[in-house]
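A short write-up of the structure that comes next.
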Amino acid sequence: MKTGKRVSWILLAMAIVTIIFSPPRLSAQTATVKSSSGNSASGAVQWSVQVDKVNPGDVDIEPAFLVAIYENLVDELGKTKRFQQVFRDSDRTTGAVSNLLILKTTVQKYTAGSETRREVTTVSGATKLSVRSQLCTRGGQVILERTVDGNVRFLGSNLRATHNLARNVAKTIKQSALPEPSLSVPAHGAL
Amino acid sequence: MGWAWRTYMNRRVVPTEHMPHSYMLIPHRIWAYLILLIGCAVGALAQNPSEPTIVTAPFSARVTHLLGFEGVANNAGGTLSIQGSALQFQKSGKPAMELKIASVQDVFLAEQSREVGGTPMTLGKAATPFGGGRVVSLFAHKKYDTLTLEYVDANGGIHGAIFQLNKGQGEILRNELVAKGVRVSQSEDAATKQRTAEEVPSENR
């Protein structure tokens with residue numbers, strides 16, 4: 001009887017160990033598939049992008065927000081792996097880069113929020129940002145144009161809106177189909 | 001016997017002529033007044049605003065790096081100081097990151113109100129019954145200065161960095177940077193706008 005009990009306990013322990021360790025293996029397999037598909041995509045010729053300083057347009061917006069949008073855009077575009085390199089505005093090294101796109105961002109709408117009001121009322125005090133993002137070639141052809149929003153409604157500081165906005169811009173660009181660099185650059189009239 | 005004792009008690013032990021003379025006390029009072037006067041004068045001279053204390057120590061303050069400074073994590077606390085011709089940010093226990101002041105192109109100063117207490121405060125507010133957390137939120141805010149720097153790297157690429165300082169320190173740092181040749185634009189307007197935005201938020205500005 002005692003031996004049977006011991007065997008059953010061992011079997012139970014083995015089952016628990018199997019259950020605990022099996023999900024990571026599955027997720028690891030998923031990750032491998034994802035990375036392999038990513039590698040196949042990166043085999044093609046990639047664009048590089050230069051992020052221009054954010055244009056405030058006609059909107060009265062604090063300089064800290066413009067700087068925060070710009071910095072967050074540089075970060076988020078780098079995370080997408082969509083571009084070979086991400087350059088900053090006025091970077092002299094872009095002269096040697098052949099497949100370069102320029103990201104121009106113009107603020108269209110800005111609603112200054114209040115962290116205090118958000119926390120006290122929950123429904124008011126949101127910081128709202130809306131920008132027009134354009135991906136242009138060096139020749140000035142616009143190959144992608146989108147209006148993107150970034151808000152902070154509940155938790156977080158006002159500057160968090162710029163992070164959300166940059167993430168949405170990067171997501172939009174990542175999901176959009178860009179023309180092949182070698183095809184689109186010489187063709188000035190295309191798109 | 002008893003009468004005789006009373007007689008003795010009625011006698012003056014010290015004669016009237018032997019009372020302490022008033023002229024013996026006057027010099028002590030005068031000395032006391034003089035000492036007090038000298039003390040006050042010395043104190044007043046020490047606090048005389050016409051002779052300002054020369055501050056030679058470079059600017060140094062505890063700040064929070066919100067974003068943008070190369071090589072420093074976002075929302076990292078540390079010490080921001082001016083060391084010669086460089087602006088230095090040092091997080092405790094980590095090597096300092098430097099930025100040449102000559103590479104700073106623009107400085108903007110603004111003011112913002114942020115919640116204090118961090119995660120413990122948020123959890124505490126959430127746990128407070130009957131919506132008491134909202135009342136706490138009304139008072140759990142502090143005003144800070146936000147200093148935004150625009151600078152260029154070695155390749156000419158534009159960077160931006162935002163630091164959060166205690167109220168009043170932003171202006172000191174900005175003045176120090178201006179004294180070292182940094183250009184300032186729209187800073188006063190930005191501060192005013194931020195204050196206005198905190199008080200009366202307007203739609204579609």
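In what follows, chains carry the letters A, B, and so on, assigned in the order in which the sequence lines appear, proteins first and then strands, with residues in each chain numbered from 1.
Ion pair A:K79/A:E76 flagged as a salt bridge, since at least one NZ, NE, NH1 or NH2 atom sits closer than 4.0 Å to an Asp/Glu carboxylate oxygen. Salt-bridge annotation for B:R183 and B:D106: present, with a side-chain N of the basic residue lying under 4.0 Å from a carboxylate O of the acidic one. Using a 4.0 Å cut-off between a side-chain N of Lys or Arg and a carboxylate O of Asp or Glu, A:R160 and A:E115 do not qualify as a salt bridge.
With 3.5 Å as the limit, one finds no donor-acceptor pair spanning the side chains of A:N99 and A:R138. There is a side-chain donor-acceptor pair under 3.5 Å between B:D153 and B:H159. In this model, a donor atom of one side chain and an acceptor atom of the other lie less than 3.5 Å apart for B:Q88 and B:E98. A donor atom on one side chain and an acceptor atom on the other are not found under 3.5 Å apart for A:R153 and A:T127. Remark: the A:N72 side chain and the A:T162 side chain contain an N/O donor-acceptor pair separated by less than 3.5 Å.
With a 4.5 angstrom heavy-atom cutoff, A:L159 touches chain B only via side-chain atoms. Residue contact with chain A, scored on non-hydrogen atoms closer than 4.5 Å, is absent for B:L147. Both the backbone and the side chain of B:I158 come within contact range of chain A, with heavy atoms under 4.5 Å apart. The contact between B:A161 and chain A is made entirely by backbone atoms, counting heavy-atom distances below 4.5 Å. Contacts between A:T121 and chain B at a heavy-atom distance below 4.5 Å involve the backbone alone (N, CA, C, O).
Contacts with chain B (heavy atom to heavy atom, under 4.5 Å) involve no residue of residues 166-176 of chain A.
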